[in-house]
Amino acid sequence: MARRKRLPRKFFLQPDVVAASRALLGKYLVTAIDGEQTAGMIVETEAYRAPDDKACHAWNNRRTKRTETLFAEGGHAYVYLCYGIHHLFNVVTGPAEVAQAVLIRAIEPTDNLERQLARRGRDRVRPQLTAGPGVMSKALGIRTDHDALDLRASDSPIWLEDRGRVVSEADIASGPRVGVAYAAECAEWPWRFWIANSPWVSKWKK
DNA sequence: CACGGGATCGTCT
DNA sequence: GACGATCCCGTGT
C-alpha cells in the first residue's frame with residue numbers, strides 16, 4: 001500500500017497556478033461526503049487566473065459574491081454551478097488576494113467505485129464515469145455548498161493526497177482549455193494539462 | 001461515430 | 001433577460 005500523505009500548506013501557496021496545475025496531476029482527490037469515502041487520481045486540469053486571463057471569472061480582478069472565493073488563500077475550494085446543472089470543482093492556489101485556481105476536469109476513479117457508480121446512476125466503470133468536470137464532481141459527491149471550504153482543515157470533507165505516484169514532465173500533455181472560445185486571445189493559451197495516454201481524460205470535440 | 005438540441009438556474013447586466 | 005470553465009440522449013449513417 002502506497003503511503004498516503006495530505007498535500008502540505010506550501011503546495012497550495014505556490015505562486016504559479018500553471019505550475020500548480022501540472023503538479024496536481026497524479027495527486028488524489030478524496031471526499032468523505034454523505035457517509036461515504038470516495039477518491040480518484042487527478043488526470044486532467046486547467047489553470048485560470050486573474051487579472052489577465054479573460055476566461056477566469058475574476059478577470060480584471062472583478063469581485064462579486066461568486067468570485068470572492070477565488071481571492072481566498074490557496075487551499076480553499078471554489079465550486080460553482082455551470083449551465084444550471086453541473087457543479088465544477090476548483091482548487092484555489094497562491095496567496096490571498098491573488099485570484100487563481102485549478103479546475104479539476106477528470107480523475108481515474110480508485111476508491112469506492114460502487115458508490116461513485118451509484119451517484120452517477122451507472123453500472124459499469126468506464127471513462128465517462130468521471131471524465132469531465134461536472135460528472136467527476138457528481139461521482140465524488142461534490143456540490144456548490146462545498147464552495148469556500150478549506151481543503152487543508154483536518155475535518156474537511158474534501159482533501160488532496162499524495163500517494164507516491166510520480167508524473168514526469170514527459171508524461172504531461174497540454175493544449176487549449178475547453179469551452180473558453182469567448183475569451184479572445186486567452187482561448188489559445190495551452191493551460192489545459194493531462195496525463196498523456198490516460199484513458200480517463202475527457203474527450204471533447206473541437 | 002458525428003451531430004444537434006434540450007436541460008436548468010445562479011450570476012451579472 | 002442572456003448566458004455559461006457541461007452532459008446526455010436521440011437521430012442518422
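Naming: A, B, ... by sequence-line order, numbering from 1 per chain.
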**OP:** For residues 56-66 of chain A, pull every pair meeting salt bridge (Lys or Arg N to Asp or Glu O under 4.0 Å), keeping only residues two or more places apart or in separate chains.
**Re:** R63(A)-E68(A), R63(A)-E97(A)
**OP:** List in numerical order all residues of residues 53-72 of chain A for which some heavy atom is under 4.0 Å away from an atom belonging to DNA chain B.
**Re:** R62(A), T64(A), R66(A)
Original post:
What pairs with W194(A) under side-chain hydrogen bond (donor to acceptor under 3.5 Å, both in side chains), at least two apart in sequence or on another chain?
Top reply: none
**OP:** Kindly write out the residues that satisfy side-chain hydrogen bond (donor to acceptor under 3.5 Å, both in side chains) with S137(A), not counting sequence neighbours, or none if the list is empty.
**Re:** none
Subject >> Residues that I85(A) engages under side-chain contact (heavy atoms from CB on, under 4.5 Å), provided they are two or more places apart >> reply: none
**OP:** Indicate whether Y80(A) forms a stack on dG10(B); treat it as stacked only if centroid distance is below 5.5 angstrom and interplanar angle below 30 degrees.
**Re:** no
Subject >> Residue pair H86(A) / K138(A), side-chain heavy-atom distance below 4.5 Å >> reply: no
Original post:
Do the side chains of W191(A) and V18(A) get nearer than 4.5 Å, heavy atoms only?
Top reply: yes
Original post:
Once you round it to whole Å, what is the distance between P of dT6(C) and NZ of K203(A)?
Top reply: 16 Å
Original post:
Below 4.5 Å, heavy atoms only, C-beta onward: do R163(A) and T110(A) meet side chain to side chain?
Top reply: yes
Original post:
Mind checking what makes side-chain contact (heavy atoms from CB on, under 4.5 Å) contact with A77(A), not counting sequence neighbours?
Top reply: V79(A), F89(A), L149(A), L151(A)
Subject >> Nearest-Å distance for atom pair OH/C1', residues Y83(A) and dG5(B) >> reply: 13 Å
Subject >> Check: W200(A) and P109(A) side chains under 4.5 Å, non-hydrogen atoms >> reply: yes
Throw together a table of side-chain donor-acceptor distances under 3.5 angstrom for residues 122-131 of chain A, partners on residues two or more places apart or in other chains.
| unit_1 | atom_1 | unit_2 | atom_2 | d |
| --- | --- | --- | --- | --- |
| T130(A) | OG1 | I107(A) | O | 2.8 |

Original post:
By a strict heavy-atom criterion of less than 4.0 Å, which residues belonging to residues 98-120 of chain A are in contact with DNA chain C?
Top reply: L103(A), R105(A), R120(A)
Original post:
Checking salt bridge (charged side-chain N to carboxylate O under 4.0 Å, His left out) for the pair R143(A)/D34(A): CA distance, chi angles, key distance, verdict?
Top reply: CA-CA 11 Å; R143(A) 304 176 300 265; D34(A) 301 332; 3.6 Å; yes
**OP:** Compare all side-chain heavy atoms of L103(A) with those of Y78(A) and state whether any distance is below 4.5 angstrom.
**Re:** no
Original post:
Under a cut-off of 3.5 Å for both distances of each Watson-Crick or G-U pair, what dot-bracket string does DNA chain B give, using [ ] for crossing pairs and | for inter-strand pairs?
Top reply: |||||||.||||.
**OP:** Please state how far atom CZ in R143(A) lies from atom P in dT6(C), giving the value in whole angstrom units.
**Re:** 21 Å
Original post:
Given side chains that start at C-beta, do those of E36(A) and R119(A) come closer than 4.5 Å, heavy atoms only?
Top reply: yes
Subject >> Strand contacts (DNA chain C) in residues 85-93 of chain A, 4.0 angstrom heavy-atom criterion >> reply: H86(A), L88(A), N90(A)
Original post:
Does CG in D145(A) sit with more than 12 non-hydrogen atoms of other residues, nucleotides or ligands closer than 6.0 Å?
Top reply: yes
Original post:
Got a salt bridge between R165(A) and E108(A), using NZ or NE/NH1/NH2 to carboxylate O under 4.0 Å?
Top reply: no
Original post:
Is there side-chain contact between R105(A) and P133(A), with heavy atoms separated by less than 4.5 Å?
Top reply: yes
Original post:
Going by heavy atoms closer than 4.0 Å, what residues in residues 174-197 of chain A are next to DNA chain B?
Top reply: none
Original post:
DNA chain C: L81(A) or G134(A), which has the more 5' nearest nucleotide?
Top reply: L81(A)
Original post:
Within a strict 4.5 Å, meaning less than it, do heavy atoms of the Y80(A) and N90(A) side chains meet?
Top reply: yes
Pick out the pairs of N or O atoms, protein on one side and nucleotides 10-13 of chain C on the other, that lie under 3.5 Å.
none

Original post:
Y48(A) ring centre to R177(A) NZ or CZ under 6.0 Å, with the angle to the axis within 45°?
Top reply: yes
